[in-house]
Protein chains: 2
Amino acid sequence: MKHKKATRITIKDLAQELNLSTSTISRALANHPGISDQTKELVNGVADRLGFAPNSIASSFRSRKTKAIGVIVPRIDIDFHSRVISGIEAFAYKSGYHVTIFQSQDSYKREKEIVKILQTKMVEGIIVCLAMETKNYDHFKKLLKSKVPLVFYDRTPDSFETNKVMINDFESAYLATEHLIQQGKTRLAHIAGNQTTGIFKKRLEGFKAAIEKNGLVVYEDLILEAQHLSYQEGVDCACKILDSSIRPDGVFCANDYTAAAVIQTLNKRHTAIPEEVAVVGFSNYPIATIVEPHITTINDRAFQMGEATGRLLIQHIEEDEIDVIDYQVITLKTELIVRESTAEKRH
Amino acid sequence: MKHKKATRITIKDLAQELNLSTSTISRALANHPGISDQTKELVNGVADRLGFAPNSIASSFRSRKTKAIGVIVPRIDIDFHSRVISGIEAFAYKSGYHVTIFQSQDSYKREKEIVKILQTKMVEGIIVCLAMETKNYDHFKKLLKSKVPLVFYDRTPDSFETNKVMINDFESAYLATEHLIQQGKTRLAHIAGNQTTGIFKKRLEGFKAAIEKNGLVVYEDLILEAQHLSYQEGVDCACKILDSSIRPDGVFCANDYTAAAVIQTLNKRHTAIPEEVAVVGFSNYPIATIVEPHITTINDRAFQMGEATGRLLIQHIEEDEIDVIDYQVITLKTELIVRESTAEKRH
DNA sequence: CTGAAAGCGCTTACAG
DNA sequence: CTGAAAGCGCTTACAG
């Protein structure tokens, strides 16, 4: 006798067992209204007893619904993205969807490959945070042409309109900068992110706008760009800024790693924070409350961004008859969390 | 005329277009050996021209291969897990698999729900890091009975043998503790993780073993348990330890958050690190090189753990005929990264 | 090297 | 409230 692979129980088996049609079994399992409660109980009972597990692939194939959404992120192991994904998964799960994840590794080539894979109807909708390299959006336009619901978050296309979820980077930077001004700071520096990326451009703009609106001077020499906003780049920028002839009394950093770097550099130089130099970060990473003094920063609400992105996508998946909406742009509120690096007395 | 949904191109359409059978089209697209190169070129050309995208659901349904693996983690937005997932995705992607992620939120109930969802043949194999609450493994045993390949990582079942990928927690803790002893430290403290979890129990055991092996005394009063190993718990434990009558000169922490907490607490008390008290952490989180002094810690190789887990699972999926292997346990090497919190001179 | 045909396990209009 | 029947888009043994 040959080794026989465990054959799975199907609705056919249940039908045979109960002398009912497969139609009835299928409907009973789906809790269809037109089936008597008695039959439903009977079916569910036998299903349990025989250890029936529905074949979701067959079901997806037939119904053309996979209940799957695809997510393309640059990298999963970046704090911001892992929190967004967590929000997406949490919302998707309670809506009966599951989430399949791909990393573009910030590569345009790989992003295109992934889009191609996702075009096979494996997923009902796609969420994307663009790869750093991506400047051409044809692969996504093709997707849209075939009516696949698509939502971008954070890093979004700049040359065409589509569904997006973002935070108000301009306003957040404006808020952060104005807070420094309110603390009496007048010579402000900024460690900026990659200026080919929209969100970092907006943060720089918000920084400048707040300064100008308050009648102060924008010192271009105090604005430095850090490609990856890493801690080490932050240290380098901090040294340059602090050694500049215009000695700054406030620094706004485009993320918390660089803010932590500025703070540690100041600490080493025994410069009083915030009295001599105040520091504001961006994102509210865990380090913001570990570094001393704790970092005043912008709460970027990554988890909520994930939830909002998931909600928007699922809405588009399920209400595709509402063809009236062309695209939707959601901007989330942020908040300034004031901590010791700008305001409170250090104990 | 009613609005007609964009009907997808199928292999039938390609067959018609080329006056070939669907069998040939299917084989040509799959690059089957028994098809002439000329035909393959022809088919691929027309497929491109008509914008054919294969229906992977139909294919999965028919071939019984989904090329999908499911991953159940407590939470995605924990640094360790996000790095493991990144490793899993990276390995899976280059092996032609994709990864669907679920968060158990450390809930036993939710973990069972997810397992039930995954039993629908949606995935070909499953990777799990157990929920904190989980003490009963029946849901996984059922999975194994139905021959679904299953691999656990990090937090693994303690009462039954199965595929696992772990680091050597005992040995790592032993190494870390012995390093403190080599620095001349004799009164050692330990901030331990939840002792109902195997890995944290092993870390405590390794800590004790190193002390005993070196002829020193284990001070039970200097061993504190922190449920979640959070920064705040770390601060609380640090205060208790430092105010104890046996003043410790070395602290081994079960993660880097609590190690950072100990360091900051020592800094506030103006206690010299490492001269008066040396500190070792665990995991090599980003904060390890941000906090001053930088933290000596164990590199837990999370990304590599993800790769190894993915490799092991896919091996089991693809070589299921190799029934000889019952289960496999892989233990990864760790390394001690020595930094200023124990050894180097602080500049 | 290519084709005819069966069938994977469901769902769903249609009929009663 | 239930059933008979068609069919989703592929893959694959079998035949030539």
Side-chain angles (χ1 to χ4, degrees), chain A residues 2 4-44 46-47 50-68 117 119-122 124 146, chain B residues 2 4-44 46-47 50-68 117 119-122 124 146:
Chain A
K2 278 184 88 177
K4 204 173 159 191
K5 260 220 138 170
T7 50
R8 291 168 65 85
I9 307 289
T10 69
I11 58 167
K12 223 183 203 166
D13 299 319
L14 301 184
Q16 217 152 36
E17 183 79 12
L18 286 167
N19 262 322
L20 285 168
S21 71
T22 56
S23 323
T24 303
I25 304 293
S26 174
R27 292 194 187 103
L29 291 168
N31 200 18
H32 219 76
I35 298 285
S36 74
D37 288 351
Q38 201 191 340
T39 306
K40 283 181 189 169
E41 267 175 54
L42 217 63
V43 172
N44 283 311
V46 175
L50 300 186
F52 169 76
N55 181 330
S56 67
I57 299 299
S59 162
S60 291
F61 174 47
R62 180 56 233 246
S63 66
R64 294 152 181 282
K65 286 191 185 357
T66 60
K67 290 286 178 185
I117 293 172
Q119 260 170 336
T120 62
K121 268 299 169 208
M122 205 173 81
E124 294 188 60
S146 59
Chain B
K2 278 183 87 176
K4 205 173 161 190
K5 258 218 140 171
T7 50
R8 289 167 66 84
I9 307 289
T10 69
I11 58 168
K12 224 183 201 165
D13 299 319
L14 302 184
Q16 219 152 33
E17 184 78 13
L18 287 167
N19 262 321
L20 286 168
S21 72
T22 57
S23 322
T24 302
I25 304 292
S26 174
R27 291 194 187 103
L29 291 168
N31 200 18
H32 220 76
I35 298 285
S36 71
D37 288 350
Q38 199 192 341
T39 306
K40 282 181 190 170
E41 267 175 54
L42 217 61
V43 172
N44 283 312
V46 176
L50 300 187
F52 169 77
N55 181 330
S56 67
I57 299 299
S59 162
S60 290
F61 174 48
R62 179 56 233 246
S63 67
R64 295 154 181 282
K65 289 196 184 351
T66 59
K67 290 289 178 181
I117 293 171
Q119 260 170 337
T120 61
K121 269 298 169 206
M122 204 173 82
E124 294 189 61
S146 58

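- Comparing C:dA4, C:dC10, D:dG3 against the side chain of A:Ser23 picks out D:dG3 as the nearest.
- Using a 4.0 Å heavy-atom distance criterion, A:Leu20 is classed as a sugar-phosphate-only contact.
- Atom-to-atom, CD of A:Gln38 to C1' of D:dC1 comes out at 11 Å; the value is rounded to the nearest Å.
- D:dA4 makes up no base pair with any nucleotide shown, lacking Watson-Crick or G-U wobble contacts both under 3.5 Å.
- Taking atom NE2 on B:His32 and atom C1' on D:dC10, their separation rounds to 14 Å, with Å as the unit.
- At whole-Å resolution of the value, CZ in B:Arg8 and C1' in D:dC8 are 12 Å apart.
- Taking atom CG of B:Asn55 as the reference point, atom C1' of D:dG7 lies 14 Å away to the nearest angstrom.
- Contact record, A:Arg8 with B:Gln119: NH2-O, 3.7 Å, taken as the closest heavy-atom pair.
- The closest side-chain heavy-atom distance from A:Phe52 to A:Val46 is not below 4.5 Å.
- Within the 4.0 angstrom heavy-atom criterion, base atoms lie near B:Ser26.
- B:Ala15 approaches B:Ser21 most closely through the heavy-atom pair CB-C, 4.0 Å.
- Regarding A:Asn19, its CG atom lies at a distance of 11 Å from the P atom of D:dA4, rounded to whole Å.
- Within 4.0 Å (heavy atoms only), B:Arg27 reaches at least one base atom of the nucleic acid.
- Comparing the same atom, C1', in C:dG16 and in C:dT12 gives a spacing of 16 Å after rounding to whole Å.
- Look at A:Thr24 and you'll find a side-chain N or O under 4.0 angstrom from OP1 or OP2 of D:dG3.
- Here the nucleotide nearest the side chain of B:Ser36, chosen from C:dT2, C:dC10, D:dG9, is C:dT2.
- For A:Arg64 and D:dG9, the shortest distance from a side-chain N or O to OP1 or OP2 is below 4.0 Å.
- B:Leu18 places its CG atom 10 Å from the P atom of C:dG3, with the value rounded to the nearest Å.
- Spacing of P atoms, D:dC14 relative to D:dC10, comes out at 24 Å, to the nearest Å.
- Using a 4.0 Å heavy-atom criterion, one finds that A:Thr10 contacts the sugar-phosphate atoms exclusively.
- Using a distance-only test at 3.5 Å, with no hydrogens or angles considered, a donor-acceptor pair links the side chain of B:Ser60 to the main chain of B:Ser56.
- Pairing for C:dA13 is absent, judged as Watson-Crick or G-U wobble with the two contacts each under 3.5 Å.
- Summarising the geometry, the separation between CD on B:Gln16 and P on D:dC10 is reported as 14 Å, rounded to the nearest angstrom.
- Counting any heavy atom pair closer than 4.0 Å across all strands shown, B:Ser59 reaches sugar-phosphate atoms only and no base atom.
- Two residues are said to be in side-chain contact when any heavy atoms from C-beta on lie closer than 4.5 Å; A:Asn44 and A:Leu29 meet this criterion.
- From A:Thr10, atom OG1 reaches atom CD1 of A:Ile25 across 10.0 Å, with rounding to the nearest 0.5 Å.
- We find that the ring of B:Phe61 and the base of C:dC8 stack, their centres lying under 5.5 angstrom apart and their planes tilted less than 30°.
- A:Thr39 comes within 4.0 angstrom of the backbone, heavy atoms only, and of no base.
- Distances shown here put every side-chain N or O of B:Ser21 at or beyond 4.0 Å from the OP1 or OP2 atom of C:dT2.
- Distance, A:Leu14 CG to C:dT11 P: 12 Å, rounded to whole Å.
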